[in-house]
Amino acid sequence: MRQNILRSIPSVNELLESPEISKLTSIYPRQVVVDAIREVLEDIRQSMTNKTNLSPQKLYPLIQQVLQQKLCGIEHAINATGIILHTGLGRAPLAEEAAKQLQDITKSFCTLEIEKYSGKRGFRYHNIEQLICMLTGAESALVVNNNAAAVLLALDTLARGKEVIISRSHLVEIGGEFRMPDVMTKSGAILVEVGTTNKTYLKDYENAITENTGLVLKVHQSNFKIVGFTETVDLKDLMSLGQTRNIPVMYDLGSGALIELQKYGLPYEPTVQESMKAGVDVVTFSTDKLLGGPQGGIIAGKKKWIEPIKKNPLTRALRVGKLTIAALEATLRLYLEEGLALKNIPVLKMILTPLETIEERCKKVINKVSSETRVCMNLSMVDGFSEMGGGALPGENIPTKLVCIHSEKINAIDLANKLRNSTPPIFARIEQDRVRLDMRTVYDEEVDIISRALENIFSS
Ligand SMILES: *Cc1c(COP(=O)(O)O)cnc(C)c1O
């Protein structure tokens with residue numbers, strides 16, 4: 001039988017010459033197709049299953065699947081999870097203005113490090129620094145790869161070999177790779193924990209100060225809440241302590257909101273401006289969380305502390321490229337006029353989308369599905385909650401509307417899989433054994449794509 005199976009396996013050349021598989025060589029590079037064929041044939045040899053039909057037609061989907069898996073890269077996805085800052089789906093989507101700026105500066109050369117008026121070599125961060133200072137009230141600023149890099153670099157510069165005083169309630173983990181105590185160790189700073197998980201007083205910080213104290217660090221509890229019997233020290237009080245003892249105070253803000261969200265009926269999230277007003281020496285924050293820009297981290301604050309950070313050799317290793325600078329500049333420029341930021345930055349727009357708009361999108365998805373397809377499933381609109389995600393507004397649920405799908409033909413897990421394997425992939429939620437599509441995070445242009453995907457799945 002073994003001999004029979006081996007004999008029935010076609011050769012690579014036979015397959016390449018077949019009409020079905022030769023189509024693949026017009027889509028994919030020939031060598032990659034050859035490798036995929038070998039892989040599929042090897043699998044058959046290894047498993048020795050008596051596949052009676054090893055015709056090119058039967059092998060075509062297997063080979064195509066291998067090719068797709070090998071060559072699939074980052075692609076556009078539809079986020080119907082309702083998690084606005086979804087790290088898996090690339091965190092903040094960019095504003096049109098930022099996307100356009102990326103196009104404009106990347107197709108040819110650009111003035112990354114040159115001063116066009118004088119023709120002299122300029123400082124890569126000059127323009128963006130001015131913009132950050134203008135928006136936040138900082139004296140000086142720097143952009144690096146992400147906020148994790150910003151924290152590492154600031155600690156390395158200001159506190160290497162020195163003690164950093166931090167409340168036990170601020171020793172946060174943001175996601176597997178970012179744990180405050182580990183970042184501190186990596187930077188060569190010595191961690192001095194004060195207070196307890198729920199209560200830390202000013203005197204705790206005060207009592208911990210020694211000759212070797214390099215920094216007082218406050219960290220925003222961006223992805224969790226401590227409620228009940230609690231006490232934390234205001235930034236203002238930490239600042240006066242720092243000033244009398246001549247120790248810099250740094251605040252890792254995490255999300256870096258530039259707009260007061262409370263004004264728009266949303267929960268409180270500390271803004272960068274408010275920390276600057278309190279006189280903080282250094283703040284660090286992400287540019288792809290609430291700020292709504294590309295991945296990046298900003299270090300901003302008093303010149304006295306930011307200038308040495310700029311000169312740290314590590315800065316060169318953590319510097320950002322022109323793509324980041326272009327997209328971030330364009331995003332920040334929108335903040336010069338709050339109304340423009342709210343209207344054009346997708347993250348802000350999504351948080352503030354009124355329920356009626358979301359409801360309309362739900363109805364469109366439902367109505368676009370043909371009546372023949374609709375008989376295979378139960379399509380309805382239900383209430384639910386969206387989430388900020390990405391370490392902002394923890395525990396705060398934003399009311400939303402969702403399309404709920406129930407079918408006797410396909411169970412929820414299979415349906416979610418099929419949606420994810422559509423083109424473009426659609427990411428949904430499963431709740432109470434039903435697939436749910438939160439239309440808060442779905443763009444208007446994507447609504448029809450969802451209906452079409454449902455149509456395809458249920459008609460095949
Ligand atoms: C998100 C976050 C970080 C890490 O920022 P990245 O930009 O993801 O590197 C660090 N500190 C706090 C408080 C955060 O919320």
Side-chain angles (χ1 to χ4, degrees), residues 77-99 135-136 147 174 220-225 253-274 285-296 298 327-328 330-362 382-403 427-429 436-447:
I78 295 180
N79 176 5
T81 65
I83 300 168
I84 299 173
L85 294 169
H86 193 301
T87 302
L89 297 177
R91 281 209 193 149
L94 292 180
E96 283 288 344
E97 288 78 358
L135 288 167
T136 62
N147 189 31
I174 300 300
H220 180 46
Q221 295 168 340
S222 26
N223 51 6
F224 66 103
K225 263 185 174 172
L253 275 168
S255 211
L258 292 177
I259 288 178
E260 255 180 66
L261 297 174
Q262 273 173 308
K263 272 193 298 194
Y264 303 99
L266 288 159
Y268 169 77
E269 177 77 23
T271 64
V272 181
Q273 295 92 321
E274 150 193 346
F285 55 97
S286 291
T287 59
D288 56 346
K289 289 187 181 171
L290 266 178
L291 194 145
Q295 181 191 305
I298 291 179
L328 186 55
T331 309
L332 289 172
R333 247 180 251 132
L334 294 169
Y335 279 98
L336 293 171
E337 211 176 306
E338 189 164 310
L340 221 50
L342 293 174
K343 200 163 92 215
N344 295 354
I345 294 175
V347 169
L348 299 175
K349 209 162 82 178
M350 282 176 193
I351 321 177
L352 297 172
T353 305
L355 269 183
E356 302 85 76
T357 310
I358 302 172
E359 201 170 311
E360 257 167 53
R361 285 183 200 146
C362 288
V382 297
D383 291 331
F385 295 99
S386 311
E387 260 179 69
M388 195 60 223
L393 308 179
E396 302 293 346
N397 290 323
I398 312 166
T400 192
K401 298 275 179 188
L402 307 100
V403 174
F427 289 79
R429 285 195 225 163
R436 290 173 187 220
L437 305 166
D438 188 337
M439 300 307 283
R440 179 181 292 280
T441 43
V442 173
Y443 284 59
D444 283 326
E445 311 84 90
E446 295 170 338
V447 170

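Small disclaimer: the values here were computed from a predicted structure and weren't measured.
- When each of Leu261, Leu266, Val347 is tested with Leu352 by the rule side-chain contact (heavy atoms from CB on, under 4.5 Å), just one qualifies, namely Leu266.
- In this structure the side chain of Val447 reaches within 4.5 angstrom of the side chain of Met439, judged on heavy atoms.
- With sequence neighbours excluded, the residues forming a side chain to side chain contact (heavy atoms under 4.5 Å, CB included) with Asn344 are Glu97, Leu334, Leu340, listed by chain and number.
- For the pair Arg91/Ser286, a side-chain contact is recorded, criterion being any heavy-atom separation below 4.5 Å from C-beta on.
- Annotation: side chain of Ile174 is in contact with side chain of Ser222 (closest heavy-atom distance under 4.5 Å).
- Residues Ile345 and Leu291 have side chains not in contact (no heavy-atom distance under 4.5 Å, counting atoms from C-beta outward).
- Pairing each heavy atom of Gln262 with each of Pro267, the nearest pair is CG-C, 4.1 Å.
- A 4.5 Å side-chain heavy-atom check between Thr271 and Ile259 finds every atom pair outside the cut-off.
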>> If you apply the rule side-chain contact (heavy atoms from CB on, under 4.5 Å), what do you find for Met388 with Ser255, and how did you get there?
In response: CA-CA 11 Å; Met388 195 60 223; Ser255 211; over 6 Å; no
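- Minimum interatomic distance between Pro93 and Pro346 (heavy atoms only, all atoms of both residues): O-CG, 3.6 Å.
- Side-chain contact check for Gln273 versus Glu260: every heavy-atom pair is 4.5 Å or farther apart.
- Atom CG of Leu290 and atom CG of Leu253 lie 11.0 Å apart (nearest 0.5 Å).
- Atom-to-atom distance recorded for Thr81:OG1 and Arg436:CZ is 14.0 Å, nearest 0.5 angstrom.
- In this structure the side chain of Leu402 reaches within 4.5 angstrom of the side chain of Arg429, judged on heavy atoms.
- We find that Glu338 and Lys263 are joined by a salt bridge, their nearest charged nitrogen and carboxylate oxygen being less than 4.0 Å apart.
- For the pair Lys289 and Gly254, the tightest heavy-atom approach, listed with the atom from each and the gap, is CD-O, 4.0 Å.
- Among Val403, Asp438, Val442, Thr400, the single residue meeting the side-chain contact (heavy atoms from CB on, under 4.5 Å) criterion with Cys362 is Val403.
- Rounding to the nearest 0.5 angstrom, the gap separating the CD1 atom in Ile78 from the CD atom in Glu445 is 10.0 Å.
- In this structure, Tyr443 and Arg361 have side chains that are not in contact, with every pair of non-hydrogen atoms separated by 4.5 Å or more.
- Of all non-hydrogen atoms in Gly82 and Ser386, the two that sit nearest each other are O-CB, 3.3 Å.
- Shown here for Ala98 and Ala327, the closest heavy-atom pair between the two residues is CB-O, 3.6 Å.
- The CG atom of Leu258 sits 5.5 Å away from the CZ atom of Phe285 when rounded to the nearest 0.5 Å.
- The two residues Lys343 and Lys349 make their nearest non-hydrogen contact at O-CD, 2.8 Å.
- For the atom pair Glu387 CD and Arg440 CZ, the distance stands at 12.0 Å (nearest 0.5 Å).
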> Could you go step by step and tell me if Tyr264 and Ile351 meet the side-chain contact (heavy atoms from CB on, under 4.5 Å) rule?
Replying inline: CA-CA 10 Å; Tyr264 303 99; Ile351 321 177; over 6 Å; no
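- The environment of Gln221 atom CD is dense: over 12 non-hydrogen atoms of other residues, nucleotides or ligands sit within 6.0 angstrom.
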>> For Ile83 and Thr441: C-alpha separation, side-chain torsions, deciding distance, then whether side-chain contact (heavy atoms from CB on, under 4.5 Å) applies.
In response: CA-CA 7 Å; Ile83 300 168; Thr441 43; over 6 Å; no
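- When each of Thr357, Asp383, Leu437 is paired with Lys401, the side-chain contact (heavy atoms from CB on, under 4.5 Å) condition holds for Asp383 and for no other.
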